[in-house]
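Down below is the structure, laid out as structure tokens.
We number each residue from 1, following the sequence as shown. Atom set for the values below is all heavy atoms of this structure, side chains included, hydrogens, waters and symmetry mates excluded. We count ligands from 1, going down the list as the structure has it; atoms in each ligand are counted the same way.
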Amino acid sequence: MDKLIIEGGVKLKGEVTVSGAKNAVLPILAATLLTDEPCVIKNVPNLRDSNSMFKILRSLGKIVEFDKGKVTVCAGKTSNYIAEYKLVSTMRASFCVLGPLLGKLKKAKVSLPGGCVIGVRPVDLHLKGIKALGAQINIDSGYVEAKAKCLHGAYIYLGGVYGSSVLATDNVMMAAVLAKGKTIIESAACEPEVADLAEFLIKMGAKIKGHGTPIIEIEGVKSLRGAMHVIIPDRIEAGTMVLAALITEGDILIKNVQYHHLGALIDKLKEAGAHLSYADGSLHVKGNKRLKAVNITTLPYPGFPTDMQAQMMALMCVTGGISVITEKIYPDRFMHVAELNRMGAHIQREGPHAIVEGIKGLSGAPVMASDLRASACLVLAGLAARGKTSISRIYHLERGYEFIEQKLINLGAKVWREKE
Ligand code: EPZ
């Protein structure tokens with residue numbers, strides 16, 4: 001296993017282009033299971049998670065080719081409806097093959113994804129939704145087995161104790177597009193990645209309205225055709241690069257950004273005194289002074305994204321004040337707190353809150369990545385810290401940030417890899 005070494009203290013300067021959105025690519029690749037015709041997906045980032053989904057699709061009978069950001073998915077000689085534990089356990093998001101398998105084949109056997117360090121990660125809303133569409137469900141030996149003579153439209157309230165669910169909305173939408181009749185999903189997730197999936201399904205011939213809002217209406221159709229789609233930019237990578245500019249007091253032009261996808265983050269950063277300007281799809285960020293501490297509460301989109309919570313905590317470590325960070329989506333998503341404290345941060349955990357007392361500066365140290373966004377947080381902290389930071393288990397980082405080292409090196413960062 002590799003570790004990432006960062007010599008901190010460099011002000012990052014230059015330009016960086018954001019890659020395609022991981023959390024749009026994964027369900028859109030799963031959606032290719034809804035047709036036997038070829039599909040072409042462009043702007044696909046070369047990530048561990050993208051490659052995991054390619055493997056899952058191949059295990060389900062698809063022929064998948066990936067070259068320079070373009071994926072072509074065609075039907076193979078046979079199709080399979082079983083998504084194995086050994087594949088699903090490497091990436092929870094694989095669970096989003098359940099809906100399209102059920103929609104297309106009227107049967108699916110998908111391993112339960114299990115939890116991860118950020119939380120238990122239940123799938124009750126996924127199952128509630130597909131049951132409402134007429135599926136019989138049996139859970140046996142760690143697998144969900146679902147089958148249906150035919151799927152029928154339904155009114156489904158999909159809100160959970162933590163609000164809406166991104167992948168449950170995706171799964172239900174992908175089962176409903178081939179159901180007989182009309183489906184209404186109430187309390188649907190509004191994330192841009194859900195809307196991007198719906199746009200792809202519409203290109204395939206699905207009839208969907210209201211995507212990107214809490215009420216999605218789907219009129220089932222008999223079959224779907226192949227389609228071509230270009231993935232939206234990754235708003236979480238964009239947000240992470242914004243914080244890299246601010247935490248190093250650098251000056252970065254971030255290209256391929258959808259400004260309106262970053263509303264909550266930009267609002268908070270402006271409250272903290274950051275200078276950001278947007279023109280022609282690019283965001284210019286100039287970090288020039290210690291920012292004010294601000295309080296953060298994570299919420300479903302368009303609220304402050306939980307996937308930016310860890311990265312924002314790194315920035316709040318070096319402001320001039322106290323920041324209270326409340327995690328409402330995954331109350332345990334604080335594995336990065338102990339690692340930041342190893343770097344000299346003053347953070348206290350109180351249940352779903354982390355109280356961050358800003359300090360003058362962090363100091364480099366050996367730290368360990370625990371999940372994708374915690375590893376991004378530690379990279380940001382390492383870029384700002386005095387001295388050297390070594391981050392072990394960086395396979396977490398490789399799941400969701402395409403060519404991240406090269407992008408940072410191009411901005412002047414002193415970053416390299418060493419064997420563990
Ligand atoms: C998606 O996960 C993202 N992953 C996550 O990003 C992101 O953190 C999350 O949405 C929230 O925005 C992908 O899109 C591949 P949820 P998902 O269902 O869909 C609870 C990253 O770093 N819940 O929206 O699995 C759940 O426990 C990853 O890129 C239920 O209670 O998340 C959580 O508290 C991490 N029952 C809340 O809902 C269910 O059936 C939101 O989870 C499903 C979820």
Between Ala31 and Leu197, which heavy-atom pair has the shortest distance, and what is it? CB-CD1, 3.9 Å
CA sep, side-chain torsions, deciding dist, call: Glu199, His229, side-chain hydrogen bond (donor to acceptor under 3.5 Å, both in side chains): CA-CA 9 Å; Glu199 287 300 325; His229 187 73; over 6 Å; no
Can you name the salt bridge (Lys or Arg N to Asp or Glu O under 4.0 Å) partners of Arg121, sequence neighbours left out? none
Of Lys328, His336, Arg333, which meets side chain to side chain donor-acceptor pair (under 3.5 Å) against Gln309? His336
Ligand 1: which residues have a non-hydrogen atom closer than 4.0 Å? Lys22, Asn23, Arg92, Ala93, Ile118, Arg121, Pro122, Val123, Asp124, Leu125, His126, Tyr162, Ser164, Ser165, Val166, Leu167, Thr306, Asp307, Ile329, Tyr330, Arg333, Leu372, Arg373
Partners passing salt bridge (Lys or Arg N to Asp or Glu O under 4.0 Å) against Glu219 (at least two apart in sequence or in another chain): none
Tell me, please, which residues at least two apart from Asn80 pass side-chain hydrogen bond (donor to acceptor under 3.5 Å, both in side chains). none
